[in-house]
Visitor: 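Please read through the structure below; I'll follow up with questions.
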Amino acid sequence: MHCLWCDQEIVNETHWGNVLLPDRVKYLCVRCESMLEKLDGALCVKCSRPVKQGGETCQDCRRWEKLDQWKGALKQNRSVYAYNKGMQEMLAKWKYRGDYKLREAFQVDFQASYRNAFSSDLRKHAMLVPIPLSEERLYERGFNQAVALIELLDKSASPLLSRIHGEKQSKKSRRQRIQTENPFSIVETTDKPVILIDDIYTTGTTLRHAARTLKTNGSPEVYSFTLVRS
Ligand SMILES: [Zn+2]
Ligand SMILES: [Zn+2]
């Protein structure tokens, strides 16, 4: 087995700590695995952003909840990794340069965080809805990273949303983005809770548009689960 990031051969070290454990398949070498920085410590209860004290809600989330049209739209976001330099490079290679297999490196943490983040009852009943890409973007990339992440959970994706506008919005300010029109339309309604899946939570605008679309179409509550919190 070669490291999915640096391509060096992975040497399985047996020592007293793991001699009794079944061999877990390693996708990254020890050095590259250290690029993955799991979010822990004190996190915003709503969006997983690191905060000073546990139990806090960050300033951004407090701002969202003050706006009538967004209040309660997204119940909670949970993320797995911090957006450090290594993760920026990994996401770029995975998403934009089509290194589909790189997702395997995230699987163990992604599954474990998913089980930790959501109650077994919610996991049993919720629909997993991928944030859709536009057709052009899907064609360019060859896959939707959100669907690829749902597959890592051994679950099937429920494509309840489709995208109606282009999605180049990185050059706009946060304010402009909040005011942008909803890029989603509903394909199929549900009366079940939804967990939206995407690779990254940045401002939370995209996820909130998706959440609000689902809620106005019958879903009682919408959460999101993202690989990275930027
Ligand atoms: Zn490596
Ligand atoms: Zn927050």
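Remember, it's 1-based here, ligands and their atoms both numbered in the order they're listed. All residue numbers refer to positions in the sequence shown, counting from 1.
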Visitor: Report yes if some heavy atom in the side chain of T202 is under 4.5 Å from a heavy atom in the side chain of Y83; otherwise report no.
Guide: no
Visitor: Taking atom OH of Y27 and atom SG of C3, what is their separation to the nearest 0.5 Å?
Guide: 12.5 Å
Visitor: Report the protein N/O/S neighbours of the Zn ion (ligand 2) that fall below 2.8 Å; do not count waters.
Guide: C44 SG, C47 SG, C58 SG, C61 SG
Visitor: Output the rest of the hydrophobic cluster of V51: all Ile, Leu, Val, Met, Phe, Trp and Tyr residues reachable through side-chain heavy-atom contacts under 4.5 Å, sorted by chain and number.
Guide: none
Visitor: Do R137 and E140 meet the salt-bridge criterion of a basic N to acidic O distance under 4.0 Å?
Guide: yes
Visitor: Do the side-chain N and O atoms of T206 and D198 include a donor-acceptor pair separated by under 3.5 angstrom?
Guide: no
Visitor: I'd like to know if the side chain of N84 and the backbone of M35 have a donor-acceptor N/O pair within less than 3.5 Å.
Guide: yes
Visitor: With F110, which residues qualify under ring-ring contact (aromatic ring centres under 6.0 Å, His included), at least two apart?
Guide: F225
Visitor: Between E65 and G72 (side chain of the first, backbone of the second, donor and acceptor by atom type, cut-off under 3.5 Å), is there such a pair?
Guide: yes
Visitor: Ignoring waters, how many protein N/O/S atoms are under 2.8 Å from the Zn ion (ligand 1)?
Guide: 4
Visitor: I'd like to know whether L36 forms a side-chain contact (heavy atoms from CB on, under 4.5 Å) with V80, so could you lay out the CA-CA distance, the side-chain angles of the two residues, the decisive distance to 0.1 Å, and finally the verdict.
Guide: CA-CA 9 Å; L36 300 176; V80 184; over 6 Å; no
